[in-house]
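Note sheet for the following structure.
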Amino acid sequence: MTKPRTLVVLATYNEIENLRGLTEAILRVLLTADLLVVDDNSPDGSGRWCDERAASEPRVRCLHRPSKLGLGSATLDAMRYAIAHKYDLVVTMDADWSHDPVHLPELVAATEHADVAIGSRYVAGGAIEGWPRHRHILSRLINVLSRTLLRLPIYDTSGAFRAYRVAKLSQLELERIRSTGYAYLEEILWHLDRADAQFAE
């Protein structure tokens, strides 16, 4: 079978200390995927480093934005990029090593039978490491509320480790998504659910 054209997305703002190693780890575990760094004009040179790496590695791409505009808008810009460049899958993950690249192949494989695959913290095998107790409790509460109020068939609605089928994203009117920050994580799931997307966690 032909492997799906996959775009992994990192939204960055002052992530130079993480970006070098994370980039190499992603390229190593997904041998045919491309990597798009969406940089919000990081003062630490994250965007400049990305340009330098892209000059020697054709699988790395850079999208430069003029200022710190938020994770949600950065991800939506990356989704538009994936649609315009005819990728099959777009994978989102945090740029601070919160999500271990070693799990990327498993996440991508889950899209064989789903439109959206979520690397969930709240299903069997999922976990959160290094958080204080109060943050665990708050996260659980937010996810229960989101699942209930938005009627989403998902246990982890606020995690950013996801793989989306671009064909399903292209059915959405992305400009209708209003959240520019972290709330986009729940909002886009709401739109996808109403577009009859199939989910896997």
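Side chains included, hydrogens not; waters and symmetry mates left out as well; all remaining heavy atoms used.
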Requested in this report: Any salt bridge (charged side-chain N to carboxylate O under 4.0 Å, His left out) involving residues 158-178? Give me the pairs, sequence neighbours left out, ordered by first then second residue.
Outcome: none
Query raised in the report: Is there side-chain contact between P105 and V108, with at least one heavy-atom pair below 4.5 Å?
Result: no
Query raised in the report: Are L35 and L10 close enough that some pair of their side-chain heavy atoms sits under 4.5 Å apart?
Result: yes
Report summary line: The reported gap from OH in Y164 to CG in L169 (rounded to nearest 0.5 angstrom) is 7.5 Å
Report task. Quick one: pull up CG in L71 and OG1 in T180 and give me the separation to the nearest 0.5 Å. Result -> 9.5 Å
Report task. Return yes if some donor-acceptor pair links the side-chain N/O of D39 with the main-chain N/O of S46 below 3.5 Å, else return no. Result -> no
**Report entry** Backbone of I118 reached by a side-chain donor or acceptor of E201 within 3.5 Å
**Finding:** no
Nearest heavy-atom pair of [X] and [Y]: which atoms, and what distance?
X: Q171; Y: A167; result: CG-O, 3.5 Å
X: G119; Y: D156; result: O-OD2, 4.3 Å
X: T32; Y: R59; result: N-NH2, 3.9 Å
X: L7; Y: A82; result: CD2-CB, 4.0 Å

Hey, can you pull the donor-acceptor pairs under 3.5 Å for the side chains in residues 87-97, sequence neighbours left out?
| unit_1 | atom_1 | unit_2 | atom_2 | d |
| --- | --- | --- | --- | --- |
| Y87 | OH | D34 | OD2 | 2.6 |
| Y87 | OH | R61 | NE | 3.3 |
| D88 | OD2 | R5 | N | 2.7 |
| T92 | OG1 | A160 | O | 2.7 |
| D96 | OD1 | S98 | N | 3.0 |
| D96 | OD1 | S98 | OG | 2.6 |
| D96 | OD2 | S98 | OG | 3.2 |

[X]: side chain to side chain contact (heavy atoms under 4.5 Å, CB included) partners, not counting sequence neighbours:
X: H64; answer: D51, C62
X: E106; answer: H103
X: A117; answer: L107, A110, T111, A163

Only pairs under 3.5 Å count here: list side-chain donor-acceptor contacts from residues 15-23, not counting sequence neighbours, and write none if there are none.
| unit_1 | atom_1 | unit_2 | atom_2 | d |
| --- | --- | --- | --- | --- |
| E15 | OE1 | N18 | ND2 | 2.7 |
| T23 | OG1 | L19 | O | 2.8 |

Requested in this report: Take L192 and F199, measure what side-chain contact (heavy atoms from CB on, under 4.5 Å) needs, and give me the verdict at the end.
Outcome: CA-CA 9 Å; L192 285 162; F199 298 96; 4.0 Å; yes
**Report entry** Lys/Arg-Asp/Glu bridge criterion (N-O < 4.0 Å) met for R65, D77
**Finding:** yes
Requested in this report: Treating Ile, Leu, Val, Met, Phe, Trp and Tyr as nodes and any side-chain heavy-atom pair under 4.5 angstrom as an edge, say whether V9 and I177 lie in one connected cluster.
Outcome: yes
Query raised in the report: If you measure only the distance, is there a donor-acceptor pair under 3.5 Å linking the side chains of S67 and N41?
Result: no
